[in-house]
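Reckoned from all heavy atoms, side chains included, excluding hydrogens, waters and symmetry mates.
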Number of protein chains: 2
Amino acid sequence: MTETQILNYALNQFAGIDASAFELSAPYWQRKTYGKGEFYNEYKNVCKYLGFILDGVFRTYYIDDESAEEKNVFFFSKNQVVVAYKSFVTQTPCSYYTESMTESTILYIHINHLTELYGKSHHWERFGRLVAETAFNLAMNRAEEFMFRTPEQRYLELIQNHPDIFNNVPLYHIASYLGIQAPSLSRIRKRMVGK
Amino acid sequence: MTETQILNYALNQFAGIDASAFELSAPYWQRKTYGKGEFYNEYKNVCKYLGFILDGVFRTYYIDDESAEEKNVFFFSKNQVVVAYKSFVTQTPCSYYTESMTESTILYIHINHLTELYGKSHHWERFGRLVAETAFNLAMNRAEEFMFRTPEQRYLELIQNHPDIFNNVPLYHIASYLGIQAPSLSRIRKRMVGK
DNA sequence: CTATATTCTTAACCCAGGTTAAGATCGTCA
DNA sequence: TGACGATCTTAACCTGGGTTAAGAATATAG
């Protein structure tokens with residue numbers, strides 16, 4: 001399968017984008033590769049593109065004004081959309097950095113083209129809604145993890161639900177994602193050995 | 001202004017719903033009043049309606065399995081949409097209770113009718129997308145509060161950004177919303193007197 | 001205007017995570 | 001292989017929130 005076919009298939013699965021609707025979008029998709037540490041979008045930049053990850057892992061992080069620490073917010077991997085959603089939707093400067101953690105390849109589309117597609121076809125308006133719903137689920141899950149679970153529970157759930165991340169990301173990045181410091185994660189891991 | 005006109009105006013402001021698009025929806029909106037403590041939607045129920053609050057305040061809360069404590073997730077008030085968004089969108093059982101904290105009045109529409117409107121008009125498909133984006137912002141703000149702020153900072157921001165809630169909701173409900181116990185909120189308040 | 005329920009604060013003790021700094025382990029590349 | 005950098009763990013001490021239970025303040029109803 002070509003990369004375009006992969007994209008077509010994924011969009012069909014995700015939002016019922018059919019051949020003719022995909023045709024409308026075909027001229028707009030572009031391809032880009034990232035080296036480890038390169039940015040998809042940076043702090044204060046407006047995110048103008050919606051990306052589809054063909055291969056690789058990205059992380060979105062926040063830099064705390066006071067502590068100057070990086071706090072990981074999301075991980076994105078293969079066959080997922082990567083986007084700084086709020087910035088993209090409101091076309092306002094982003095609060096985050098989104099960087100590639102590996103060699104990565106994406107296909108991406110400009111917001112103006114996407115907006116154009118929204119106007120041209122119900123399918124694409126539907127796609128926009130489904131992307132929004134997906135973004136909502138990501139954010140809500142994140143909020144729930146912090147509101148209802150302890151760091152230890154979050155750690156266990158990460159291992160359960162995202163072994164791909166757990167296995168491919170250094171522990172200090174995972175600690176940050178869990179909202180704790182690296183030494184605390186070490187203590188949690190030690191505590192759990194007995195169980 | 002009649003209640004229908006208020007709704008029409010609000011929908012136009014929010015999503016550019018024009019007179020003719022509103023006409024399509026007019027037969028579907030219904031009115032309902034709630035007493036203090038009555039539920040908009042309960043745990044394990046599928047949320048089938050999207051509500052628009054004409055007057056009153058609602059809270060959405062989670063009951064923790066272990067502690068059996070109520071944890072407040074969202075407050076909704078006048079001129080806002082009230083909905084258990086995830087449950088509504090996926091038509092799956094809700095994890096939350098949403099109850100009226102005051103005497104309240106809403107206008108509401110059934111998901112099937114809304115879906116029908118999505119199919120009939122771009123305007124309504126757009127409305128669906130904007131509701132999704134609003135829900136995303138709510139959830140993301142909540143996640144950010146917990147990921148990046150201390151309880152004290154969350155408290156200060158609540159006073160700043162939501163004085164309506166701060167002034168009309170008992171402190172133990174606010175403590176729960178901030179993710180802490182009532183005695184901790186008391187300590188924070190005491191600590192701040194000096195500042 | 002009292003009585004009662006609700007809400008809020010306080011005190012005492014406990015514990016998980018933060019902080020800092022040192023050292024152990026692991027990987028990788030010359 | 002050996003040396004360096006990256007990652008992970010550990011120790012010691014600190015701090016803020018949790019827990020429980022009591023009491024103070026505030027509302028509300030009779």
Spacing of Lys71(A) atom NZ relative to dG18(C) atom C1', expressed in whole Å: 11 Å
Given atom CD1 of Ile188(B) and atom P of dT9(C), what is their separation to the nearest angstrom? 11 Å
Look at the side chain of Ser184(B) and decide which nucleotide, out of dT19(C), dC8(D), dG17(D), has an atom nearest to it. dG17(D)
Let's see if you can work this out: which of dT9(D), dT19(C), dT19(D) has an atom nearest to the side-chain heavy atoms of Arg189(A)? dT9(D)
Describe the nucleic acid contact of Pro183(A) in one word from base, sugar-phosphate, nothing, applying a heavy-atom distance below 4.0 Å. base
Within 45 degrees of the ring normal and closer than 6.0 Å to the centroid, is that where the cationic atom of Arg154(B) sits relative to Phe146(B)? yes
May I have the step-by-step check of salt bridge (charged side-chain N to carboxylate O under 4.0 Å, His left out) for Glu145(A) and Arg142(A), ending in yes or no? CA-CA 5 Å; Glu145(A) 286 165 15; Arg142(A) 209 74 179 98; 2.8 Å; yes
Separation of Glu70(A) atom CD from dT7(D) atom P, in whole Å? 12 Å
To the nearest Å, give me how far apart CD (Glu152(A)) and P (dC15(C)) are. 15 Å
Roughly how many Å is it from CG in Asn168(A) to P in dG27(C), rounded to a whole number? 14 Å
Please determine, for the side chain of Gln181(B), which listed nucleotide (dT19(C), dT19(D), dC8(C)) has the closest atom? dT19(D)
Rounded to whole Å, how long is the line connecting atom CD of Glu66(B) with atom C1' of dG18(D)? 15 Å
Hey, is the side chain of Lys190(A) poking within less than 4.0 Å of OP1 or OP2 on dG17(C), counting only N and O atoms? no
Please determine, for the side chain of Pro151(B), which listed nucleotide (dG17(D), dT19(D), dT9(C)) has the closest atom? dG17(D)
Decide side-chain contact (heavy atoms from CB on, under 4.5 Å) for Ser104(B) and Thr33(B); before the verdict, give the C-alpha distance in whole Å, the side-chain angles of both, and the deciding distance to 0.1 Å. CA-CA 5 Å; Ser104(B) 305; Thr33(B) 60; over 6 Å; no
Is Ile174(B) reachable from Ile159(B) through a run of I, L, V, M, F, W or Y residues, each pair having side-chain heavy atoms under 4.5 Å apart? yes
Tell me the interatomic distance from Arg191(A), atom CZ, to dT9(D), atom C1', rounded to whole angstroms. 14 Å
For DNA chain C, whose closest nucleotide is more 5', that of Tyr172(B) or that of Ile180(A)? Tyr172(B)
How are the rings of Phe74(B) and Phe76(B) set relative to one another: parallel (under 30°), tilted (30 to 60°) or perpendicular (over 60°)? tilted
Between dG18(D) and Arg187(B), counting only base atoms on the nucleotide and side-chain atoms on the residue, is there a donor-acceptor pair under 3.5 Å? yes
In whole angstroms, the gap separating P of dT10(D) from CG of Leu185(A) amounts to 12 Å
